[in-house]
J.: 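This is the structure I want to talk about, given as structure tokens.
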Amino acid sequence: MHDLKSIREAAAEFDRGLARRGLPPHSGRILALDAERRGAQTELQDIQTRRNDLSRGIGIAKSKGEPVEAIMAEVAAMKDRMAALEALDRRLGEELDGLLASLPNLPASEVPDGTDEHGNVELRRWGNPRNFAFAPKQHFDLGETLGLMDFGRAAKISGARFTVLKGALARMERALSAFMLDSHTIDFGYTEVVPPALVNDAAMFGTGQLPKFSEDLFRTTDGRWLIPTAEVPLTNLTADEILDEAALPLRWTAFTPCFRSEAGSAGRDTRGMIRQHQFSKVEMVSIAHPDQSDAEHERMTKAAETILQKLNLPYRVMLLCAGDMGFGARKTFDLEVWLPGQQAYREISSCSNCGEFQARRMKTRFRPTEGKGNRNVHTLNGSGLAVGRTMVAILENYQQDNGTIEVPEALRPYMGGLEMIGV
RNA sequence: GGACAGGUGGCCGAGUGGUUGAAGGCGUCAGUCUCGAAAACUGAAGUACCCGUGAGGGUAUCGCGAGUUCGAAUCUCGCCCUGUCCGCCA
């Protein structure tokens with residue numbers, strides 16, 4: 001959600017930001033609506049002032065036993081105009097809010113230009129892709145051959161884009177979640193949270209999934225939504241609250257299932273576990289002071305990278321270009337893990353600084369320790385990591401020529417000391 | 001799901017359709033006092049928006065949304081949430 005005041009003050013800059021997102025200018029329409037609405041509000045409030053004075057006068061006159069018919073007639077005469085102005089104010093407000101709510105966040109200045117993933121900039125690489133003495137397989141071949149990953153039966157009971165994991169791989173999902181949560185809570189100070197997986201409209205609006213992206217979501221028959229990421233419930237934890245500055249930053253992490261309809265991605269990643277309707281993810285969310293959100297963003301990304309490093313999985317860090325960022329982000333780092341079976345780097349984490357964008361939607365502010373005037377917090381979210389894709393990466397990077405899988409050392413304590421899968 | 005009872009400012013808690021943004025208490029902040037603190041006393045303080053260069057003025061807001069009324073925290077309706085009991089249930 002955008003701030004009207006800042007658009008009034010810097011309309012050209014606002015439109016420049018939209019242009020970087022590939023959108024036409026909107027400030028003209030917004031400011032026209034804003035001006036018209038404020039005119040209506042001002043006139044309405046003047047009438048209300050008069051109405052309140054007169055009504056008060058009626059009460060006083062009555063208590064004195066004086067006649068009130070003349071005053072009542074005067075108030076009654078204002079009713080039509082008041083109703084018209086109220087309707088106008090509401091209509092203009094709805095159009096204005098609808099417009100403001102539909103526009104994505106503006107990219108930070110250091111975000112590169114670009115319309116799609118080809119505009120993203122590689123910042124750094126970590127780890128060296130292993131040299132295989134054989135042709136590395138893709139994760140679904142490995143998993144199915146092991147008999148621990150079953151897409152056929154998942155389709156039987158649920159349909160496409162679901163997986164059944166069994167045995168050591170089912171356990172690996174549990175192990176990975178515990179491993180990741182331990183790292184974030186113990187090494188990075190995040191507080192572990194178990195949030196609801198079903199949320200209401202307001203929460204989905206707060207983080208920006210609604211009103212524009214409802215087709216990407218699953219909806220329950222009683223009108224709730226299945227979370228597409230724990231970012232939604234975690235970030236909305238502070239909705240409608242005014243926090244103490246001293247409480248910042250708030251850092252939360254949660255392991256949850258995530259549900260996405262994947263409408264519009266038909267044909268992409270149809271095989272395997274890369275793109276599923278349901279997947280597990282450990283998410284991090286930080287609620288930060290505006291002055292500290294850039295540092296918090298780096299810190300959060302570091303927490304996600306640490307998981308990959310501990311698992312010894314090669315990856316690269318991408319700075320997303322303006323056109324490839326999500327709706328609410330002003331700056332995003334993607335972590336892409338090396339998948340030898342695909343011979344490609346694939347996204348395994350996305351860490352975004354949303355600035356004030358979500359805070360304004362959720363009405364999350366903080367009270368400065370010094371000075372007056374409440375300010376919007378900055379919100380950040382990042383995967384740490386997508387558990388299913390982490391399993392994919394482990395299968396492909398740790399596969400042996402006989403199809404067995406070595407368990408990464410860091411994970412062994414979480415898997416009862418298991419060193420090899422499939423032997 | 002059914003039956004009751006509730007939802008008031010940071011918290012607790014009054015509130016009769018009429019000059020109530022809302023008594024009182026607690027807590028918070030500032031000041032007086034003090035070497036300092038406590039106590040006491042004095043004062044300040046919700047949120048959003050509009051007008052105004054400013055000082056300042058105004059509107060809305062008592063769970064949310066409609067309605068009745070010249071006027072609604074107070075009356076009516078719908079919804080949401082909380083508590084208690086019953087039913088069902090992991």
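Just so you know, these numbers use all the heavy atoms, side chains as well, and skip hydrogens, waters and symmetry mates. Every value quoted in this text rests on a predicted model; they were computed, and no experiment measured them. Throughout, a chain's letter reflects where its sequence line sits, starting with A, and its residues are numbered from 1.
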J.: Between C1' on B:G71 and CE on A:Met78, what's the gap in Å once rounded to a whole number?
T.: 11 Å
J.: Hey, what's the ring geometry for A:Phe218 with A:His277, parallel, tilted or perpendicular (30° and 60° as the breaks)?
T.: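 The arrangement is perpendicular - the two ring planes meet at more than 60°.
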J.: Just say parallel, tilted or perpendicular for the rings of A:His2 and A:Phe357, cut-offs at 30° and 60°.
T.: perpendicular
J.: For the residue pair A:Ser349 and A:Ala304, what are the closest heavy atoms and their distance?
T.: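 Looks like OG-CB, 3.9 Å.
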J.: Determine the Euclidean distance between corresponding C1' atoms of B:G63 and B:U82; express it in Å to zero decimal places.
T.: 10 Å
J.: Identify, between A:Ser55 and A:Asn374, the residue whose nearest nucleotide on RNA chain B lies closer to the 5' end.
T.: A:Ser55
J.: In whole angstrom, what separates A:Arg37's CZ from B:C51's P?
T.: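 About 11 Å, once rounded to whole Å.
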J.: Quick check: closest heavy atoms across A:Ala230 and A:Ala254, and the distance to 0.1 Å?
T.: CB-CB, 4.3 Å
J.: Would you classify A:Ile60 as touching base, sugar-phosphate or nothing, given that sugar-phosphate means primed atoms plus P, OP1 and OP2, and contacts are heavy atoms under 4.0 Å?
T.: base
J.: Going 5' to 3' along nucleotides 53-60 of chain B, which nucleotides have protein heavy atoms under 4.0 Å from the base (write B), which only from the sugar-phosphate (write S), and which from neither (write -)?
T.: -----BSS
J.: Once you apply the 3.5 Å cut-off to both distances, tell me the Watson-Crick or G-U wobble partner of B:G31, or none.
T.: B:C41
J.: RNA chain B: A:Gly59 or A:Leu4, which has the more 5' nearest nucleotide?
T.: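 Looking at RNA chain B, the more 5' nearest nucleotide goes with A:Gly59.
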J.: Hey, is CZ on A:Arg153 packed in by over 12 heavy atoms from elsewhere, all under 6.0 Å?
T.: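 No, CZ of A:Arg153 has 12 or fewer neighbouring heavy atoms, counting only those of other groups under 6.0 Å.
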J.: Quantified in whole Å, what is the P atom distance between nucleotide B:G87 and nucleotide B:G15?
T.: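 To the nearest whole Å, 36 Å.
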J.: Please check the phosphate of B:C50 (OP1 and OP2 only) for any side-chain N or O of A:Arg8 closer than 4.0 Å.
T.: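 Result: yes.
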J.: Under 3.5 Å for both donor-acceptor distances, Watson-Crick or wobble: does B:U19 have a partner, and if so which one?
T.: none
J.: In whole angstroms, how far is the P atom of B:A72 from the CD1 atom of A:Ile58?
T.: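 Taking atom P of B:A72 as the reference, CD1 of A:Ile58 is at 11 Å.
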